[in-house]
Amino acid sequence: MTSWTPASIPDLTGKTAIVTGANSGIGLPTALELARHGAHVIVAARNPGKGEEAVASILRAVPGARVEYGRLDLADLDSVRRFAEGVTELDLLVNNAGIAMVPRQLTQDGFELQFGTNHLGHYALTGLLLPLLAVRPAARVVTVSSDAYSAGRIDFDDLGLERRYNRIAAYARSKLANMLFGLELQRRAAEAGMDLKSMVVHPGMAATGIVKLGPLMPLTKLFLKPAAVGAVPSLYAATSPDVRGGEFIGPKGKLLRTAEVGRSEELAARLWEVSADLTGVRFQQFAGN
Ligand SMILES: NC(=O)c1ccc[n+]([C@@H]2O[C@H](COP(=O)([O-])OP(=O)(O)OC[C@H]3O[C@@H](n4cnc5c(N)ncnc54)[C@H](OP(=O)(O)O)[C@@H]3O)[C@@H](O)[C@H]2O)c1
């Protein structure tokens, strides 16, 4: 689907959407386009000043848009719970926020920061919001991964890479977890007979805060796309009528093939159970979880 642009987004009036990390980067144009097409958008961000500024910038671009700020720190499960408690209706969740290749740090709950923020925070958020998604027709969850997922490995005996921390390996692990989670969510929702589609996206290389170019990579800059272009796969997954659920969607809304490690149902099921144990969040709509 290479000709798709955000101008193709259908009218979203009556739909409520949450975009995590919507204060900057890819998340901001994602929230903006959803609001432009009539959705009620909750800008979920950890920093209130940045969140309110994002809301103001969307209102400047789309006067009269239904957009509000909600405080969400994915690296703190109490914050995730408080945020979810404040949401009353939801049709679309875009699990977009992320950090990349940071030195070893821990979340409030003691998890390695990249795995804790990018995967566990979004796992918990989705589970806590699932009851709201379950009562809406044609609900969707979009999880932003990266093509870096294919280099990821999950060692359940050392999830936090405590033995030998490597920031690139930790990022790849967290993005593989995003992929496994998004595809497993689709399988579980279908099994439970829910009217919910779950898609995983790769935004391409976009010029955002997450991309830190070292002095050896000046040429890489030339290949970076604007953040709004990076938002296209998320917007396509979130709104296109052609999406069936379970796809991995890349730049321009193109379908990508998922590498074997990302398609492993065994790995996905194990990750799901471990994530449930670590976060204490069980998806009530799914049998046995
Ligand atoms: N840009 C690319 O080339 C690229 C490529 C592949 C995948 N991705 C993925 O795209 C997604 C969006 O990244 P981006 O490129 O837009 O980077 P970005 O500009 O750095 O945006 C990341 C967003 O996540 C938020 N965030 C970080 N930690 C958070 C936390 N604990 N709780 C809540 N929000 C948090 C950040 O908030 P603050 O402003 O407060 O830090 C920011 O709004 C990420 O999942 C990333 O892995 C990006």
Side-chain angles (χ1 to χ4, degrees), residues 18-32 42-55 57-58 69-84 93-102 105-109 111-125 142-152 167-168 170-179 181-182 200-213 217 220-235 237-238 248-251 256:
I18 292 172
V19 181
T20 69
N23 58 283
S24 71
I26 290 163
L28 180 54
T30 304
L32 170 65
I42 301 172
V43 167
R46 58 181 164 175
N47 180 307
K50 289 186 189 178
E52 297 289 7
E53 175 45 37
V55 168
S57 77
I58 292 172
Y69 166 65
R71 185 168 189 280
L72 170 70
D73 183 353
L74 289 157
D76 177 356
L77 292 173
D78 281 343
S79 168
V80 175
R81 285 199 181 83
R82 277 195 300 274
F83 172 82
L93 171 62
V94 185
N95 288 325
N96 163 81
I99 47 166
M101 303 176 210
V102 293
Q105 296 163 68
L106 301 180
T107 68
Q108 281 296 320
D109 307 277
F111 307 123
E112 184 279 315
L113 194 62
Q114 298 191 67
F115 188 75
T117 304
N118 300 356
H119 169 61
L120 290 175
H122 282 127
Y123 167 91
L125 180 68
V142 177
T143 300
V144 182
S145 178
S146 160
D147 60 358
Y149 84 91
S150 60
R167 56 181 87 182
I168 298 172
Y171 180 64
R173 172 172 293 185
S174 75
K175 292 288 122 180
L176 172 58
N178 285 155
M179 170 68 79
F181 167 71
V200 180
V201 307
H202 164 53
M205 285 290 283
T208 67
I210 219 168
V211 181
K212 300 186 180 62
L213 296 174
M217 297 197 288
T220 311
K221 260 188 190 161
L222 299 174
F223 298 103
L224 295 178
K225 305 272 186 291
V229 175
V232 166
S234 296
L235 289 165
F248 178 35
I249 296 168
L256 302 178

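Start at 1 and go down the list; that is how both ligands and their atoms are numbered.
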Pick from [options]: the one approaching [atom] most closely through a non-hydrogen atom:
atom: atom 17 (O) of ligand 1; options: Thr117, Ile99, Ile210; result: Ile210
atom: atom 22 (C) of ligand 1; options: Gly21, Ser234, Gly98, Ala97; result: Gly98
atom: atom 2 (C) of ligand 1; options: Ala206, Ala227, Ala54; result: Ala206
atom: atom 48 (C) of ligand 1; options: Ala231, Pro233, Pro203, Ala45; result: Pro203
atom: atom 45 (O) of ligand 1; options: Asn118, Asn178, Asn96; result: Asn96
atom: atom 29 (C) of ligand 1; options: His122, Arg46, Gln114; result: Arg46

Need the ligand 1 atom indices (1-based, order shown) with element for anything under 4.0 Å from a heavy-atom of [X].
X: Tyr171; result: 7 (C), 8 (N), 46 (C), 47 (O)
X: Met205; result: 3 (O)
X: Leu72; result: 32 (N), 33 (C)
X: Lys175; result: 44 (C), 45 (O), 46 (C), 47 (O)
X: Val211; result: 1 (N), 2 (C), 3 (O)
X: Lys50; result: 38 (P), 39 (O), 40 (O), 41 (O)
X: Ala75; result: 31 (N)
X: Gly25; result: 16 (O), 19 (O)

Kindly say whether Arg167 contributes a backbone atom to a donor-acceptor pair with the side chain of Gln114 at under 3.5 angstrom?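 At least one qualifying donor-acceptor pair exists.
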Verify, without hydrogens or angle tests, whether Thr208 (side chain) and Ala227 (backbone) share a donor-acceptor contact under 3.5 angstrom. no
Within the structure provided, determine whether [X] and [Y] are in side-chain contact (heavy-atom separation under 4.5 Å).
X: Val80; Y: Leu72; answer: yes
X: Phe223; Y: Met205; answer: no
X: Val142; Y: Leu235; answer: no

Between Ala172 and Ala148, which heavy-atom pair has the shortest distance, and what is it? CB-O, 3.5 Å
Give a yes/no on ligand 1: does Thr20 have at least one heavy atom closer than 4.0 angstrom to it? no
Heavy atom of Ser174 under 4.0 Å from ligand 1? no
Can you find an N/O atom of [X] closer than 3.5 Å to an N/O atom of ligand 1?
X: Asp73; value: yes
X: His202; value: no
X: Ala22; value: no
X: Gly209; value: yes

Find the distance between CG (Asp73) and CZ (Phe83) and round it off to the nearest 0.5 Å. 12.0 Å
Hey, what do you get for OG (Ser150) to NZ (Lys175), rounding to the nearest 0.5 Å?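 Output value for this atom pair is 13.0 Å.
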Show the numbers, then the answer: is there a side chain to side chain contact (heavy atoms under 4.5 Å, CB included) between His122 and Thr143? CA-CA 8 Å; His122 282 127; Thr143 300; 5.8 Å; no
Tell me which one of Asn118, Val201, Val200, Val144 satisfies side chain to side chain contact (heavy atoms under 4.5 Å, CB included) with Asn178.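 Testing each of Asn118, Val201, Val200, Val144 against Asn178, the sole residue satisfying side chain to side chain contact (heavy atoms under 4.5 Å, CB included) is Asn118.
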List the steps, then state whether side chain to side chain contact (heavy atoms under 4.5 Å, CB included) holds for Asn23 with Asn47. CA-CA 9 Å; Asn23 58 283; Asn47 180 307; 5.9 Å; no
Could you check whether the rings of Tyr123 and Phe181 sit parallel, tilted or perpendicular, using 30° and 60° as the cut-offs? perpendicular
For Lys225, all residues meeting side chain to side chain contact (heavy atoms under 4.5 Å, CB included), sequence neighbours excluded: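 Per chain and number, Lys225 pairs via side chain to side chain contact (heavy atoms under 4.5 Å, CB included) with Val229.
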With heavy atoms only and a cut-off of under 4.0 Å, state how Ser145 meets ligand 1: side chain, backbone, both or neither.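 Contact part for Ser145 vs ligand 1: backbone (N, CA, C, O).
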